[in-house]
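Report on the structure given below.
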Amino acid sequence: MVEYAHGSPTVHVAAPDANAPEFNHPANDVNRPDPHNPTDDQDGDSSVSDCESIVSADHSGTSAAPPLPFTGAGLMELEEGDKAHRFIKERFVSRLGALREQVTVATIHRSCSSSVAARSRAQAFQVYSGAVQKKGGGDTANVRYAWYPASKEEVAKIFSYGFGYSGKPENSGLYGRGVYFAPDNHPLESVESAPVDEDGLRHLLLCQVILGKSELIGFGSEQSHPSSEQYDSGVDDLSSPKRYIVWNTHINTHMLPEYVISFRAPCCSRGLLRTSGKSRKPTSPWMPFRVLISELSKILPPSDINSMSKYYKDHKEGKIPRHVLVRKVRQIAGDGLLTRIIKSSRTKQFGA
């Protein structure tokens, strides 16, 4: 239900899911996050990444100039003493594992839903939430909080016009064509993907997403909509998802941005976690991009290697996120060749 206060809607939603015993269990009934209930199931991330740090966190003690506000996007900055500010900040930082000491939260903004279009999107979200609940025959529509990385320009566009105008490239070649979110209890994927703006800040949107009944989507899927009427969304893992996939067919009906958190962090979140903890054997085939390109140069023509090197350089400079680099390399080299080279390298390195 949408309630209006001083002309702007207040949408009652599900609190960020602290510890869902099963992924497909319905979310709690919609209400605002409880700042006095910061319980969490802190997840450490032991995965390995080849991301190289291109932005260093400033630990000199010198306070940076405050970032410019998001103009024309219907966003209001929360004061540090605000309960929602404290809740979101503590919850976000507490789930970053070893990276938490190197992340500095600069600002948190909240949507005011002040425009007619924003109010309409909020109402549409409630209507579809009710429709998914009715279709599934459950107590709720499985509404969850989730993170979405965006540039500063994208933040303004999304809150002004909706996700359909975000300019985000399609995610074809990973887990289907849709909008990818990271669960509330696992922001690291989004932290790593968030581009850096001219002030050295990264931005994550904290959104509500209607998951309904989720289906498992395999890596490399070309799916762009639910496989049948019984499903509403996709996940990369049914028991412990790190990605929610909201299909393009559900843009602006199944996701509702509410907050944006702006922060400073090193680029290499996973790499930091790897080096800060005990060295361990990777759980999946992996090798650094530099080494991979070097190995591919022995097989592929120079034009292909030059293209890969350009995409890798763009990634290091923060011009493209990692998933775009991966997609481009897969398109050029092909999955069969990549798999052979990576597995061969892993066998040499670990004796597997």
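Residues Y175 and F219 bring their aromatic ring centres within 6.0 Å. Taking the six-membered ring where the residue is Trp, the centroids of H254 and Y128 are separated by under 6.0 Å. Taking the six-membered ring for Trp, Y148 and Y180 have ring centres at least 6.0 Å apart.
A salt bridge links D184 and R91; the closest N-O separation between the charged side-chain nitrogens and carboxylate oxygens is under 4.0 Å. Taking a cutoff of 4.0 Å between a charged side-chain nitrogen and a carboxylate oxygen, K310 and D314 qualify as a salt bridge. Between R110 and E258 there is no salt bridge, since no side-chain N of the basic residue sits under 4.0 Å from a carboxylate O of the acidic one. Ionic pairing of R330 and D335 is present here: one or more N-O contacts between side-chain nitrogen and carboxylate oxygen are shorter than 4.0 angstrom. Between K135 and D232, at least one side-chain nitrogen of the basic residue sits less than 4.0 Å from a carboxylate oxygen of the acidic one, meeting the salt-bridge criterion. Using a 4.0 Å cut-off between charged side-chain N and carboxylate O, E153 and K157 make no salt bridge.
Considering every non-hydrogen atom in both F125 and V143, the closest pair reads CZ-CG1, 4.1 Å. Minimum heavy-atom separation, S239 to P241: C-CD, 3.7 Å.
Partners of H203 according to the ring-ring contact (aromatic ring centres under 6.0 Å, His included) rule, which considers only residues two or more places apart in sequence or in another chain, are F70.
Side-chain polar atoms of E215 and Q223 form a donor-acceptor pair below 3.5 angstrom.
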